[in-house]
Novice: 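Please find one structure pasted underneath; my questions will follow.
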Amino acid sequence: EVIALCPASLLLERLLLVFTVNAHSFRGAAALFNLATKLTHSCGQCDVEYSTAVPDGGDAAAAVGLFRATRDIAVGRILTTSYLGPAALSCSAPQRRRMLYCQKGFICGCSAC
């Protein structure tokens with residue numbers, strides 16, 4: 001109902017923002033994974049790591065996105081992952097916040113920041 005009230009330009013802006021925040025690097029481009037869009041960002045210890053894998057035959061067209069738990073996860077827990085690469089997590093909180101704002105359009109408020 002709210003979307004129906006938005007002008008087309010605002011709707012497009014919102015859709016692009018949703019894509020930007022939720023997209024994962026995949027096959028040299030970006031992809032949205034249905035369940036992965038439910039993961040919350042954290043600059044601290046995360047519950048889930050993302051990577052891509054190419055089958056043994058080396059066919060990049062058959063690559064898959066992999067989400068792997070990094071620790072035991074309690075039922076009902078809100079799952080976290082880093083929207084930044086591993087190297088960026090060693091940056092200071094102001095640097096990470098700047099990167100997230102520039103790349104993803106939000107200011108991080110996680111416990112590590």
Side-chain angles (χ1 to χ4, degrees):
E1 297 168 18
V2 174
I3 291 177
L5 300 175
C6 291
S9 61
L10 290 178
L11 179 57
L12 179 59
E13 182 179 335
R14 174 138 173 82
L15 290 173
L16 289 173
L17 181 59
V18 167
F19 182 82
T20 299
V21 170
N22 291 291
H24 292 270
S25 298
F26 187 69
R27 297 184 187 170
L32 294 177
F33 298 98
N34 186 35
L35 295 177
T37 62
K38 309 297 186 220
L39 299 172
T40 300
H41 169 76
S42 175
C43 292
Q45 184 179 11
C46 298
D47 302 308
V48 179
E49 290 180 343
Y50 168 74
S51 63
T52 57
V54 177
D56 290 337
D59 181 11
V64 295
L66 300 174
F67 294 88
R68 183 181 63 82
T70 58
R71 58 183 167 179
D72 291 340
I73 300 170
V75 173
R77 178 175 173 79
I78 295 174
L79 299 178
T80 60
T81 192
S82 173
Y83 293 178
L84 299 170
L89 294 178
S90 62
C91 296
S92 68
Q95 289 172 319
R96 290 191 311 269
R97 289 177 136 192
R98 188 177 316 110
M99 283 186 270
L100 284 164
Y101 183 75
C102 292
Q103 295 173 14
K104 300 292 187 176
F106 73 93
I107 297 171
C108 186
C110 76
S111 59
C113 286

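These numbers were taken from a predicted model, which means no experiment stands behind them.
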Novice: Determine whether a donor-acceptor pair (N or O, by modelled atom type, separation under 3.5 Å) exists between the side chain of Thr81 and the backbone of Val48.
Specialist: yes
Novice: State, to 0.1 Å, how close Leu100 and His41 come at their nearest heavy-atom pair, and which atoms those are.
Specialist: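 Heavy atoms only, the tightest pair is CD1-NE2, 3.3 Å.
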Novice: Who passes side chain to side chain donor-acceptor pair (under 3.5 Å) against Glu49, sequence neighbours left out?
Specialist: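 Glu49: side chain to side chain donor-acceptor pair (under 3.5 Å) contacts with Arg68.
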Novice: Can you name the nearest heavy-atom pair linking Asp47 to Ile78, along with the distance?
Specialist: OD2-O, 3.5 Å
Novice: First locate atom CZ of Arg98, then atom OG of Ser92, and finally report the distance between them rounded to the nearest 0.5 Å.
Specialist: 7.0 Å
Novice: Looking at every heavy atom in both Gly109 and Arg97, which two are closest together, and how far apart are they?
Specialist: CA-NH2, 4.2 Å
Novice: For a quick test of reading the model, state the closest non-hydrogen atom pair linking Met99 to Ala88 and the distance between them.
Specialist: CE-CB, 3.8 Å
Novice: So does Cys43 get a backbone contact from the side chain of Ser82, meaning a donor-acceptor N/O pair under 3.5 Å?
Specialist: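 Judged by distance alone, no pair lies under 3.5 Å.
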Novice: Might you work through the side chain to side chain contact (heavy atoms under 4.5 Å, CB included) test for Phe67 and Leu39, ending with a clear yes or no?
Specialist: CA-CA 10 Å; Phe67 294 88; Leu39 299 172; 4.0 Å; yes
Novice: Where do Arg96 and Ala112 come nearest, in terms of heavy atoms and distance?
Specialist: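 That would be NH2-O, 3.3 Å.
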Novice: Looking at Gly44 and Ser42, what are the two nearest heavy atoms and their distance?
Specialist: N-OG, 3.0 Å
Novice: Starting from Tyr101 and following side-chain heavy-atom contacts under 4.5 Å between hydrophobic residues (I, L, V, M, F, W, Y), which residues can be reached?
Specialist: Ile107
Novice: Measure up the Phe106 and Tyr83 rings against each other and bin them: parallel (under 30°), tilted (30 to 60°), perpendicular (over 60°).
Specialist: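 Aromatic pair Phe106/Tyr83 classed perpendicular.
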